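Accompanying notes for the structure given below.
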Amino acid sequence: MRLTDMTREASFDLSSTTLSQPSPDGNWVVLKFGGSSVATYSNWLSILARLRRRQQDGFQLLVVHSALRGVSDQLQALLASAEQGLEDGIVDAIVETHEALAADFGVDATAAIGAYIEELRQLVAGVRLVRELTPRVAARVMAMGELMATSLSAVWLRNQGLDVVWHDARTLLRSQPEAREKRRFLNAVCRDDANADLVRQLSMSAVNLTQGFIASDDNGETVLLGRGGSDTSAAYFAAGLSARRLEIWTDVPGMFSADPRLVPSARLLTRLHYSEAQEIASTGGLVLHPRCIGPIRRHNIPMFIRCTPRPELPGTLVAAVTGEPEPTVKAISMRQNLTLLSLDGVTMWQEVGFLARVFAVFAGHRVSIDLVSTSESNVTVSIDDDGEPLHETALQQLVDELSKICVVRVIHDCASVSLVGRKIRTILHKLGPALELFEEQRIHLVSQAANDLNLTFVVDDAQGYRLIQKLHPSIIRQSPGDTSIGDTWESLQSGDDEQPVTAPPWWRLRREELLESMQGHSSRYVYDGATIASAIDGLKSLAHIDRVFFAMKANSNIEILKQVHAAGLGFECVSPGELDRVLSLFPDINRDRLLFTPNFAPREDYERGFETGATVTLDNLFPLRAWPDVFKDRDIFIRVDPGQGRGHHEHVRTAGMHSKFGVPLFELEAFAEVADALNCRVVGVHAHSGSGITQSDTWRQVAEVLADAAQRFPHVRVLDLGGGLGVAEKPGDPELDLAALDDSLAALRAQFPDYDLWLEPGRYLVAKAGVLLARVTQTKGKGDMQYVGIATGMNSLIRPALYGAYHEVVNLTRLDRVASELVSIVGPICETGDKLASDRLLPPSQEGDVLLIANTGAYGRAMASTYNLRDPAPELLLNS
Ligand code: LLP
């Protein structure tokens, strides 16, 4: 399984051990557990661990849970048969389900839920007697599932030593007035503003336990929030409490790009914006109740969807996620059993107000419309049943009245297939092949949402599955650097046993020292000597590489240079300044440990290079022709352009037509002739194709080009394969396989035994060894955006602004706290681009906290500036 940054962040809460100070306005987390989650004893052990962990984290807890799996369906069946006056064994079956769990719990079921069972029997007997079921009684009966389940679990949780306060949700959640009886009792809506009364009713120290799905109206009557409404209950509670987070614990690993039962290769969606999650839920995604997103979105509360039996999985985060480079389709969802009305009004079409009259009929029948498409002579609409299918007679009445103004055709058994994502219209061209299916079949309606969040096709029910299966593989793709689309359903099901266990980064182990190093500092680069040492060891162990030079542009810190020098490596320098720094530190250094690789430099730089005794690399014909006296009788390296650039960003690809570096291969002959005429001997051939490369085969390909080029230069003894060795940027990204790099060079080595092979890496030696620490200065909430300001910014680390580079960020002060806020991390520089990271999950940060920006040892401080006259972070090397 791929570890994403999300997983890593999510894993914080697994290792959480410390206590924090609750903020004065509360530190609430609402946890909702679904019917499957609460149905088994093993899941309850996982729930118990979760609750303890959250309490240790200093949160106040409200737990909301559903009826045991299957019980709501049983209650519904019970009502249906009672309405017909039938006796059946359903109540006994419901009792058995609860007794089985009670037995696992070691709890006396009768004592815990006996009174509810009795009430249930009486209510059902009443329905059976009068053979009439009112929405009011249906709500009372359905509510029993949640009441019984929570009463049982409360006893067990107390037996486990938790302080639990059980609440009847009907005393906590009040529905809004609603005239229609069915809606009032069975599909109620509640207010979602912050609710001080709710806070007062709950215990700050105990675990508050209550039911999902149920509430009460102004008369104190039991009402329901619609089937699947427990998510919505939890969202109302989270909104009422202004909770830090809402956790939806379920039996699947999160939200997927399609229904995994139809598409086993459906991908886990690790991050969704509220609007995307809303769209997926509304267009048929199964995991969330569509109404649960509005309340948390209004209060900007992040929602974490997690899997109860597998809490180690990353799940889906729904929040105000903003950074999205590419337009992507996130999901394909389907709703079935739709009814369409096709309205032909050929003669009336030109009439002013025709549409208004049509829609007025729908309004008069209280039927809301979901999708609409219009043409010159036809309007086709789908009926929005909001979970309650329109009754045949109600439909007939609607059709009768519409028939007075147009010709109506009812199309039953349709399915809507929706592509959901952002900027949907940009992917239309990809749909062609998938839509070939519809040469023969009808598409009844196509609708592109005005917000560009979905594109929906309505087809016959039977075609819906086929369409999804055809669309999914061509549409759901992960673009490079996109962490919002995760593993496939299949791979998550197969478990993650093979997942390599990665060692924690050094900065987790040296956290105390790092925090201490910040005494009296507002920002600091800190380097770990041991991490540099192990990178050096790795490079030295390469059997087919003869010498390694440190490209000191990556980090020219004096202490680090000393460590590299002591390890016996050479230095690759690109300016007289770099040469001078090495020579001032190590005046006696053997000059064959110095490479000098200037580019478009002035004549004096080359003169200075030769004067120091370094090996000078020339990457253009111009200097040979313009300043022949500088190169006469010299030994030099030639830097060639191998043609194909590579690397993490176009700015760091240093080969190919559009790069300013290297002698093009077609100019080698001319170069050789001019050099020969000057008795300037080319003794090495060099290429550097880019930076941040993790494909291990790259250097073999470069070596082949160099070996070929070297044939023109008889004195060559070295092929310098350049640097560019990458490190994983994000947790979970692939690491460069050094052993594979080495192996790939074996054949070439055997073919050209007389050439030495050199490498000149910069990043690989120092990137992971460095962290940038900076104190939190201020925080700000601005609509969807939450900012955490730190004491230094692009003046210390320009890589995010310049390359969009990703650096992991953690709050070192609160390293083991649950990451519950989605924030952007910004510095104090007067530029909008002064953003070090976007959309990161961090625990709530406070002024003075120390944030750590990882993997900043390379091209961090080395590229710093004093822009805005702010000094960049000072440096410190920690030795072991
Ligand atoms: N050799 C030559 C000739 C180079 O130009 C470079 C880097 C290296 C070696 C070392 O490359 P490395 O192993 O560090 O990838 N500022 C950018 C990287 C620019 C690299 C420039 N040349 C960044 O922050 O990613």
Side-chain angles (χ1 to χ4, degrees), residues 481 525 532 535-536 538-539 542 545 547-556 560 564 569-575 578 594-601 609 614-620 637-642 645-656 659-663 684-696 698-699 702 706 718-729 736 738 741 758-770 772 794 796-807 836 853 855-865:
Y525 270 110
I532 298 175
I536 293 176
L539 290 165
L542 298 176
I545 293 294
R547 297 184 61 183
V548 177
F549 296 76
F550 174 47
M552 65 180 281
K553 63 178 87 61
N555 192 321
S556 46
I560 290 181
V564 170
L569 269 53
F571 294 93
E572 191 258 345
C573 309
V574 290
S575 68
E578 289 188 355
L594 289 187
L595 289 178
F596 183 47
T597 323
N599 168 256
F600 286 106
T615 301
V616 176
T617 299
L618 197 51
D619 83 339
N620 193 6
F637 277 23
I638 178 175
R639 174 171 180 173
V640 302
D641 179 345
R646 294 180 187 241
H648 68 80
H649 188 274
E650 67 177 284
H651 293 355
V652 301
R653 286 173 211 143
T654 44
S659 144
K660 64 174 181 150
F661 299 96
V663 176
V685 200
H686 165 271
H688 171 79
S689 52
S691 192
I693 306 165
T694 48
Q695 298 105 310
S696 58
T698 304
W699 293 270
V702 169
L706 294 187
V718 174
L719 305 183
D720 178 348
L721 312 184
L725 288 74
V727 296
E729 277 203 338
L736 172 65
L738 266 195
L741 186 164
W758 293 3
L759 277 182
E760 45 184 44
R763 183 189 317 272
Y764 191 83
L765 271 88
V766 286
K768 288 188 177 171
L772 173 58
M794 66 197 294
S796 287
L797 181 67
I798 201 171
R799 301 191 73 252
L802 195 56
Y803 315 117
Y806 181 101
H807 290 274
L836 298 153
I853 308 180
N855 285 2
T856 43
Y859 306 107
R861 172 69 200 218
M863 295 177 78
S865 72

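Indexing begins at 1, ligand by ligand and atom by atom, following the structure's order. This one's a predicted model, so the numbers in the text were calculated from it and none came from an experiment.
For ligand 1 and Tyr803, the ligand atoms under 4.0 Å from any heavy atom of the residue are 16 (N), 17 (C), 23 (C), 24 (O), 25 (O). When each atom of ligand 1 is checked for a heavy atom of Met863 under 4.0 Å away, the hits are 16 (N), 24 (O). Taking every heavy atom of Leu725 and a limit of under 4.0 angstrom, the matching atoms of ligand 1 come to 13 (O). Atoms of ligand 1 found under 4.0 Å from any heavy atom of Ala551 (numbered from 1 in listed order, with element): 8 (C), 9 (C), 10 (C). Numbered from 1 in the order shown, with element, the atoms of ligand 1 that lie under 4.0 Å from a heavy atom of Pro761 read 13 (O). The contact set between ligand 1 and Gly762, taken as ligand atoms under 4.0 Å from a residue heavy atom, comprises 10 (C), 12 (P), 13 (O), 14 (O).
Among Trp758, Phe596, Phe549, the single residue meeting the ring pair (Phe, Tyr, Trp, His ring centres under 6.0 Å) criterion with Phe637 is Trp758.
Of the possible polar contacts, one joining the Asn555 side chain to the Gly857 backbone as a donor-acceptor pair under 3.5 Å is found. Checked by atom type and distance alone, the side chain of His688 pairs as donor or acceptor with a backbone atom of Gly723 at under 3.5 Å.
If you check each of Met552, Arg639, Glu760, Glu729 against atom 1 (N) of ligand 1, the one with the closest non-hydrogen atom is Glu760.
In this structure, Tyr764 has no ring pair (Phe, Tyr, Trp, His ring centres under 6.0 Å) partners at least two apart in sequence or on a different chain. Applying the salt bridge (Lys or Arg N to Asp or Glu O under 4.0 Å) criterion to Arg547, with sequence neighbours excluded, gives Asp592.
Here Thr856 contributes atom OG1 and Met863 contributes atom CE; the two are 13.0 Å apart, rounded to the nearest 0.5 Å.
Counting heavy atoms under 4.0 Å from ligand 1, residue Arg799 touches it through the side chain alone. Proximity of Arg763 to ligand 1, defined as any heavy-atom pair under 4.0 Å, is shared by backbone and side chain alike.
Not a single N or O atom of Tyr764, backbone or side chain, sits closer than 3.5 Å to an N or O atom of ligand 1.
There is a side-chain donor-acceptor pair under 3.5 Å between Thr597 and Glu572.
By the 30° and 60° cut-offs, the orientation of the rings of Phe550 relative to Phe571 is perpendicular.
Remark: distances from the non-hydrogen atoms of Ala858 to ligand 1 are all 4.0 Å or more.
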